[in-house]
Amino acid sequence: MIAAVSGPNGPGVFVGDESGIDCCIVGTSLSAQIWSGISKLITQLNGKPLGPMNPRIYALANAGLANSGFRDVTSGNNDFGTPGTPDFVPGFTANAGYDQATGWGTVDMGAFAKQYVAPPAPIITSVSSPVLVGTSFTINGNFFSPGAMVNFFVVSRVPPNAGPLPPSSVLPTRITVPVPATVSLGEGFVGVQVVNIVGKTFTGSNTVNALLQGYAPAGVPTLTHINGAPLAPTSGAPDFAPNNVQTVIMSGKSVTLSGSGFDAVHGVAVNVFCACPGGNAGPVSVNPGSGGLTSSSFSFTLPANVPTGPASLAVVNKGNFKSSNSVSVPVGAQIAITSITQLSNTITVNGRCFAPATVINFFNQQGLTTPNLGGIVGGAAVIPLHLINSNHFTFTKPAKALPGPSYVQAINPPFVPYTSSSGPTGGFTLH
């Protein structure tokens, strides 16, 4: 549905016959004749009959009005008659986007005709997440062609294209894609792109990211938790490190891994990627019956030679040598506050594992509420810290703080390593 010459007054269109030309006629009753002429022009550009126009019009409008030459009409109505009189019939009111008064609005005829006949680029609106290696996933969007293929960019140290993957089903708005069990999970997320192939023309869509995990029935393991900490919200986001957990593991200490598809029959091995000789302190073998090994959980001892700093873990099933996603986790010690002192407006915090990126939450009792005067706003720490060393930092009493019970929580964001202090040692009385 498109509106045309629908204004209640001029300018409208000129009409005439052999007796002369009259001015002017307005109203949407003229739009059918106008669109008949437009469709004839588009047919000439297309080089073949158009068939039903509505599906293409709606697809172009949904993909972006301005990009396809549409001019949205956002005011007015199609009431009939004069309000307050017997002949008045209320209609519909125009608003942004599609409405019953003006449809999609009107169009720039030249721009619209070119977009109508041009092969549209595919557009991905969503991807089912997580994508499971060893089974199928779906892609939703617009303008998918029958010859479409799917690029499958698995994120790893050298991001490979595991595709192009042939879909099992292609509809104009939905694609189903099987992912072979042989595809690597890499670092746990993937960039998906649809490519329409029409003759010798290749037209790519936008790329959409999704978590990438294994499908247990296909023998592909998935790592989702380390020491009970789940994958962080930043996992799978291209602007951050890939799959990661906001916790810390320690050299020589027990680590518990949870997920799915672990091989409890033949055992598993853990690759420990770190800044160590060869880049891998593993594989650490866990045999059946050891470490409480089940299909969803087990424990192992992190080798004592793993240095402090960034690391990542991946589980390999011994029965088929298929690997899980690699999950980043820092090796270090838990950040902690042991005591707090105050001298005038300077507050000194004592503890361990403080770093230049450490930030604090500062909870201060104010009547019946205890607001947080610290934290991070707009990517910056609200309360600046002066780091003396890894065991001490100071900060200035916030201007809005009131004397009385207060609590400091120190946080190291990824990958300093990320941990937060807890317990009664963060509490003190502000004066």
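Once rounded to the nearest 0.5 Å, the distance linking SG of Cys276 with CG of Asn305 reads 6.5 Å. In this structure, CZ on Phe298 lies 7.0 Å from CG on Leu293, to the nearest 0.5 angstrom. Rounding to the nearest 0.5 angstrom, the gap separating the SG atom in Cys353 from the CD1 atom in Ile337 is 12.0 Å. A distance of 14.5 Å separates NZ of Lys253 from OG of Ser299, quoted to the nearest 0.5 Å. The structure places CZ of Phe273 at 5.0 Å from CG of Asn280, a figure rounded to the nearest 0.5 Å. Once rounded to the nearest 0.5 Å, the distance linking CD1 of Ile249 with OG of Ser254 reads 10.5 Å.
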Working note: Asn361 + Val408, criterion side chain to side chain contact (heavy atoms under 4.5 Å, CB included); need CA distance, chi angles, decisive distance, verdict. CA-CA 6 Å; Asn361 290 325; Val408 175; over 6 Å; no

Between Val349 and His392, is a side chain to side chain contact (heavy atoms under 4.5 Å, CB included) present by the stated rule, with each step listed? CA-CA 6 Å; Val349 178; His392 309 280; over 6 Å; no

Test side chain to side chain contact (heavy atoms under 4.5 Å, CB included) on Gln409 and Phe363 and set out the steps. CA-CA 8 Å; Gln409 181 185 39; Phe363 300 96; 4.3 Å; yes

With side chain to side chain contact (heavy atoms under 4.5 Å, CB included) as the criterion, how do Thr358 and Ile335 come out once you've worked through the C-alpha distance, each side chain's angles and the decisive distance to 0.1 Å? CA-CA 10 Å; Thr358 298; Ile335 189 173; 4.3 Å; yes

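Residues satisfying the side-chain contact (heavy atoms from CB on, under 4.5 Å) test with Pro283, not counting sequence neighbours, are Ala269, Asn271.
Between the side chain of Asn206 and the main chain of Ile124, a donor-acceptor pair closer than 3.5 Å is present. Side-chain atoms of Asp263 do not come within 3.5 Å of backbone N or O of Val268 as any donor-acceptor pair. Checking side-chain atoms of Glu187 against main-chain N and O of Ser326 turns up no donor-acceptor pair under 3.5 Å. Side-chain N or O atoms of Asn317 include none that pairs as donor or acceptor with a backbone N or O of Phe262 at under 3.5 Å. Distance alone, capped at 3.5 Å, places no donor-acceptor pair between the Thr425 side chain and the Ser339 backbone. Side chain of Ser129 to main chain of Val131: no donor-acceptor pair is present (N/O by atom type, distance under 3.5 Å, no hydrogens or angles). A donor-acceptor contact shorter than 3.5 Å is absent between the side chain of Ser297 and the backbone of Ser295. Not one N or O on the side chain of Thr369 forms a donor-acceptor pair closer than 3.5 Å with the backbone of Pro371. The main-chain N or O of Thr256 is found under 3.5 Å from a side-chain atom of Asn227 such that the two form a donor-acceptor pair. Proximity of a side-chain donor or acceptor of Asn243 to a complementary backbone N or O of Asn325 within less than 3.5 Å is not detected.
Between Ala314 and Ser323 the shortest heavy-atom distance is CB-OG, 3.9 Å. Contact detail for Ser235 and Leu211: the closest heavy-atom pair is O-CD2, 3.8 Å. Summarising the geometry of Gln213 relative to Thr224, their closest heavy-atom pair is NE2-CG2, 4.3 Å, with the distance given to 0.1 Å. Annotation for Ser406 and Asn364: closest pair OG-ND2, 3.0 Å, computed over non-hydrogen atoms. Nearest heavy atoms, Pro166 versus Pro178: O-CD, 3.6 Å. Summarising the geometry of Val272 relative to Leu302, their closest heavy-atom pair is CG1-CD1, 3.9 Å, with the distance given to 0.1 Å.
Between the side chains of Thr396 and Asn345, no donor N or O sits under 3.5 Å from an acceptor N or O. For the residue pair Asn140 / Thr173, no side-chain donor-acceptor distance below 3.5 Å is found, with atom types taken as modelled. Side-chain atoms of Gln246 and Asn244 include no donor-acceptor pair closer than 3.5 Å. Side chains of Ser285 and Lys318: a donor on one and an acceptor on the other come within 3.5 Å.
Using the six-membered ring where Trp is involved, Phe393 and Phe354 have ring planes that are perpendicular, over 60° apart on the 30 and 60° scheme.
By the 4.5 Å heavy-atom criterion applied to side chains, Val127 and Phe137 are counted as neighbours. For the pair Phe152/Val179, a side-chain contact is recorded, criterion being any heavy-atom separation below 4.5 Å from C-beta on. Pro398 is listed as a side-chain neighbour of Phe362, based on a closest heavy-atom distance under 4.5 Å. Side-chain contact between Val195 and Thr203 is absent, with no heavy-atom pair separated by less than 4.5 Å. For the pair Ile175 and Ser169, the minimum side-chain heavy-atom distance is 4.5 Å or more. Between Leu385 and Ile360, the closest side-chain pair of non-hydrogen atoms falls below 4.5 Å. Side-chain atoms of Leu313 and Ile226, non-hydrogen and from C-beta on, do get closer than 4.5 Å to each other. Residues Val315 and Lys322 form no side-chain contact, since every pair of their non-hydrogen atoms from C-beta on lies 4.5 Å or further apart.
Here the two rings, on Phe428 and Tyr407, have centers that are 6.0 Å apart or farther.
Of the residues listed (Val192, Thr176, Thr138), the one engaging Ser128 in a side-chain contact (heavy atoms from CB on, under 4.5 Å) is Thr138, and it is the only one. Applying side-chain contact (heavy atoms from CB on, under 4.5 Å) to Thr341 and the options Thr348, Thr346, Ile347 leaves one that passes, Thr348.
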